[in-house]
There are 2 protein chains.
Amino acid sequence: MTLSEEDYIKIIYHLGKGDLGSVSTNSIAERMETKPSSVTDMIKKLSEKGLVNYKKYQGVTLSEYGLKTALSIVRKHRLWEVFLVEKLEFSWDEVHEVAEQLEHIKSEKLVDMLDKHLGFPQIDPHGDPIPSKDGEFKKSIKRLLNEVPIGKEGICVGVKDSSPPFLKFLDKNKIALGDSISVIDKEEFDGSLHIKIREVDIHISDQIASNLYLRIIE
Amino acid sequence: MTLSEEDYIKIIYHLGKGDLGSVSTNSIAERMETKPSSVTDMIKKLSEKGLVNYKKYQGVTLSEYGLKTALSIVRKHRLWEVFLVEKLEFSWDEVHEVAEQLEHIKSEKLVDMLDKHLGFPQIDPHGDPIPSKDGEFKKSIKRLLNEVPIGKEGICVGVKDSSPPFLKFLDKNKIALGDSISVIDKEEFDGSLHIKIREVDIHISDQIASNLYLRIIE
DNA sequence: ACAAATTTTTAGCTTTGCCTAAATTTTAAT
DNA sequence: ATTAAAATTTAGGCAAAGCTAAAAATTTGT
């Protein structure tokens, strides 16, 4: 697979996930930042290679083989994102561009060992689930922190209240988008939470917890 | 810079280091596993871009700019090799192919943070020195372990005695090619050494030490 | 239903990096 | 000093992946 073929497969995967039907030539062109005519050319090639199902003027869908390929690329992309954030101190919003390059590195051992090195993460810094080696993956859902079950881990993906005092609080406590948070325990008395973030335990009020969104694995 | 251009620059750098004069078209072709005519084409392009000095039929040398570029690629290659061995448990001889791909990833921050993550290593798993960010680097030399000064660190790069009993000893003590070894102390009485390898201290006889080659930074 | 608008495909051309075959230059041998 | 051998370059082509312009198919609006 060439680099370009991989990009197309990944984009067809992402576009096809939302929709129910097949993916249009124009939508692919837009995402690839290329012209529809170029897309037609590539689709033909992918079709010949058995990666997509294609009928003229009808758009494309991934074949089973194409889907497997797409998931392997997504897996690599998300594992590298975790690596960049957890090991190299990249922030949440800096990782995409670099992961976009790293996802094309070809070495099965590299991916497996990276996975192991990272402790087999299930979720990336944007809260998206990481496909397993054989292409399975969990669905993720967005929940307010105070609704996350005890013991669960999630990624901080947003705030409900975006007032300066709240944001300042988050900043002071070093809670940022992309951070991984686990719920250790909940106080029955006031609904306050004990959470673990960056290997430290902190205690936060229900008020805080009900204004922070996490993305967790179901 | 395209991927291919980077490969040429790196190869010209490596070929030019040994020789005194300029690098021949044929030698580049051999290393690139391509034809001399293709090399000529590429050399012209590199020359136009100011990366090499070229006169027809006279071979090429790197320009100052070309050298800087080459060193940056070598730096990335060797840092990734350290990463693969130290963090992902790759062995000495498995890293090259993967590093060959990783060296082309474009992100200055990635390289800087990787360097930091690895503790600013000066030497790669083959014992070759890693250029600093601004392209300087130390010379490395090969020494028998018993001749390495106390306090120095080096990479195990070979054995003098390759008899089964010796190799078995190395295996039992988990000493392998590519391992980083530091000399902690030397006993005056029998010349035996205290060394640190993989974060553990062990004690070895002078006999052993005088049959193991390390590559150290001068 | 059917013309207009939109989407998709085709045809033909460009660039990059490679190739083969032939021409040219340099090097080596007698 | 010539000539044979080896190295290098030129010329002309090919495949991948893109582009523009024009043709064809589909969808939409009334």
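Computed from a prediction, not measured in an experiment: that's the story for all the values here. Proteins get letters first, then strands, A, B, ... in listed order; numbering begins at 1 in each.
Taking side-chain N and O atoms only, A/T2 has no distance below 4.0 Å to OP1 or OP2 of D/dA16. Contact check, A/K56 against C/dT10: a side-chain N or O comes under 4.0 Å of OP1 or OP2. Phosphate contact (OP1/OP2 of C/dC18, side-chain N/O of B/T34, threshold under 4.0 Å): absent. In this model, the phosphate group of D/dG18 is not approached by any side-chain N or O of A/S37 to a distance below 4.0 Å at OP1 or OP2. For B/T25 and D/dT9, the shortest distance from a side-chain N or O to OP1 or OP2 is below 4.0 Å. At least one side-chain nitrogen or oxygen of B/T40 sits closer than 4.0 Å to the OP1 or OP2 atom of D/dT9. For D/dT9, the OP1/OP2 oxygens have no side-chain nitrogen or oxygen of B/K44 closer than 4.0 Å. For the OP1/OP2 pair of C/dT10 and a distance below 4.0 Å, the side-chain nitrogens and oxygens of A/Y57 include no atom meeting the criterion. Applying the 4.0 Å criterion to OP1 and OP2 of D/dA6, one finds that B/N26 has every side-chain N and O outside that range. Put simply, B/Y54 has a side-chain N or O that comes within less than 4.0 Å of OP1 or OP2 on D/dT9.
B/E6 places its CD atom 16 Å from the P atom of C/dT16, with the value rounded to the nearest Å. In this entry the distance linking CD1 of B/I28 with C1' of C/dC18 reads 16 Å, nearest Å. If you take CE of B/M1 and C1' of C/dT16, they are 15 Å apart, rounded to a whole angstrom. In this structure, A/K35 places its NZ atom 15 Å from P of D/dA22, rounding to the nearest Å. The CG-C1' distance, from A/D41 to C/dA11, rounds to 10 Å in whole Å. Rounded to an integer number of Å, the gap from CD1 of A/I43 to P of C/dT7 is 15 Å. C/dT8 atom P lies 10 Å from atom CD of A/Q58, rounded to whole Å. Between the CD atom of A/E30 and the C1' atom of C/dT7 there is a distance of 13 Å, given to the nearest Å.
Sparse packing is recorded around NZ of A/K56, with 12 or fewer heavy atoms of other residues, nucleotides or ligands lying under 6.0 Å away. Applying the 6.0 Å contact sphere to NZ of A/K49 captures more than 12 heavy atoms from other residues, nucleotides or ligands.
Note that B/K109 lies in the cation-pi zone of A/F90, set by a 6.0 Å cut-off to the ring centre and a 45° limit from the axis.
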* Which is it for B/F83 and A/F83 under the ring pair (Phe, Tyr, Trp, His ring centres under 6.0 Å) test, yes or no, and what are the steps along the way? -> CA-CA 12 Å; B/F83 170 73; A/F83 170 73; 5.1 Å; yes
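With distances taken from any side-chain atom of A/M42 to the nucleotides D/dG18, D/dT8, C/dT8, the minimum falls on D/dG18.
The two residues B/G66 and B/I9 come nearest to each other via the heavy atoms O-CG2, 3.7 Å.
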